Q: 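Attaching a single structure in structure tokens format; questions to follow.
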Amino acid sequence: MPVRVLLFASYAEALGRDEVAFDPADEATIADVLAHLRTLPGADRLPPRPLVAVNARYATVTDAIRSGDEIAIIPPVAGG
Amino acid sequence: MPVRVLLFASYAEALGRDEVAFDPADEATIADVLAHLRTLPGADRLPPRPLVAVNARYATVTDAIRSGDEIAIIPPVAGG
Amino acid sequence: MRAAIVQRPLDAAALLAEVAAVGHGATTCFVGTVRDTHAGRHVSGMDYSAYEAMALHELNAIVAEAEARFPGAQVVCEHRTGALGLGEASVVIAAAHAHRAPAFDACRFVIEELKQRVPIWKREHYVDGTRAWVDPTAMAPEGSHP
Amino acid sequence: MRAAIVQRPLDAAALLAEVAAVGHGATTCFVGTVRDTHAGRHVSGMDYSAYEAMALHELNAIVAEAEARFPGAQVVCEHRTGALGLGEASVVIAAAHAHRAPAFDACRFVIEELKQRVPIWKREHYVDGTRAWVDPTAMAPEGSHP
């Protein structure tokens with residue numbers, strides 16, 4: 001079952017969409033999600049190590065992902 | 001011509017009035033005003049070195065006073 | 001910049017609006033209110049009095065110093081005198097700046113200086129019917145704020 | 001404590017009132033507003049967007065951390081998203097405490113943390129018709145506030 005990969009702000013603009021589906025292999029990590037994103041048009045505008053989140057919590061690229069997870073690639077935050 | 005000596009808050013309460021007239025000698029200073037105040041009933045409740053002001057500006061006890069000046073004896077401030 | 005000693009209720013929103021400007025990205029405010037306890041005693045209200053001409057002079061000087069110390073800051077302060085009930089505001093300060101650090105620092109500067117040098121006094125009324133002048137110089141630091 | 005991501009105009013006075021209590025002698029607030037210049041460019045407006053579920057979680061966590069770090073503090077924060085015009089408030093924080101130092105520090109803590117970790121983004125619209133996402137990590141520190 002695929003995970004949802006959410007894109008926001010400048011990253012959504014770069015890839016021309018705000019959501020990507022990804023069907024992870026067993027024992028996949030966020031690094032695998034990023035590797036997949038980098039195959040898409042516009043991904044050259046993503047930084048080498050973007051902030052990432054799993055299920056609305058900050059995570060690290062080595063974190064495992066599970067079926068049904070909501071992964072988010074987080075551009076530099078600019079609230080306030 | 002006398003100077004006005006203003007008393008406030010706890011000092012006014014101590015001396016039972018909020019204003020005292022004082023007729024200064026030539027070359028009088030604020031120290032002379034304080035010496036006069038200490039002859040009045042209740043003056044034992046004034047501290048040894050109260051804050052003082054001349055014409056609504058902080059001053060020091062060695063400052064000279066002039067006819068018509070408004071002298072103030074300033075209790076510990078507690079604004080805010 | 002503007003400072004005032006007033007006898008009416010204070011309006012924090014009005015002071016925030018007064019310093020607002022499209023060049024300001026950050027506005028801070030401080031509201032000091034009458035608290036129900038002080039130094040372990042139950043307070044029922046507070047009388048504020050001032051040497052008004054001098055208090056106004058000192059307050060204006062402090063606001064001007066804040067704007068000089070934090071260039072670009074716009075600061076306004078009103079202090080109320082008279083009889084105040086619990087929770088009523090005795091002082092409101094609003095400070096605006098392009099950036100947040102000087103907006104906070106200017107606001108803080110004003111309240112700290114105000115407490116040091118503006119000739120305003122307060123007499124606490126206690127629930128037990130007694131009352132006393134507040135003397136910050138006689139109190140433990142912990143109990144002397146705000 | 002309370003945090004919210006909202007799509008309506010913010011009301012600083014309402015947040016000040018929300019944290020008011022007779023045990024609080026000091027209330028502070030911070031209002032962040034859309035500024036007319038940024039990094040030397042003339043700004044005409046700003047679009048704020050958020051990863052809303054996560055932003056709400058982080059904002060609530062920050063407010064809870066502020067109250068834990070400054071025991072006795074009561075803190076509330078609202079951040080607005082959507083299209084904002086010049087001078088409109090994007091964020092309001094109100095913090096109250098018995099004493100003024102923790103009231104200021106709690107308010108400051110929230111805005112500093114918010115800018116570090118709450119997933120909210122803004123796109124500036126310039127007077128010349130162009131627009132750009134704001135990236136605080138790419139700017140000189142001077143231009144990155146507030």
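Since the structure is predicted, the reported quantities are computational estimates derived from the model, not experimental observations. Computation of the quantities below employed the complete heavy-atom set of this structure, encompassing side-chain atoms and omitting hydrogens, waters and symmetry-equivalent molecules. By convention in this document, chain letters (A, B, ...) are assigned in the order of the sequence lines, proteins followed by strands, and residues within each chain are numbered from 1.
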Q: Is it true that, when you exclude C:Q116 itself, more than 12 heavy atoms of the residues, nucleotides or ligands shown sit nearer than 6.0 Å to its CD?
A: no

Q: Sort B:L6 into side chain, backbone, both or neither according to what part of it lies under 4.5 angstrom from a heavy atom of chain C.
A: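 For B:L6, the side chain is the part near chain C, not the backbone.
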
Q: Answer with side chain, backbone, both or neither: which region of C:A50 has an atom nearer than 4.5 Å to a non-hydrogen atom of chain B?
A: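 Contact with chain B: backbone only.
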
Q: So that I can tick it off, tell me whether C:R2 and C:E78 are bridged by a salt bridge, with the cut-off set at under 4.0 angstrom between side-chain N and carboxylate O.
A: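 Yes, this pair counts.
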
Q: Go through the atoms of C:R80 and report whether side chain, backbone, both or neither lie under 4.5 Å from a heavy atom of chain B.
A: neither

Q: Taking the ring centre of each residue, are C:H79 and C:Y48 less than 6.0 Å apart?
A: yes

Q: For chain B, which candidate among C:E58, C:H57, C:R123 shows the most heavy-atom pairs at distances under 4.5 Å?
A: C:H57

Q: How far does SG of C:C29 sit from CD1 of C:I111, to the nearest 0.5 angstrom?
A: 11.5 Å

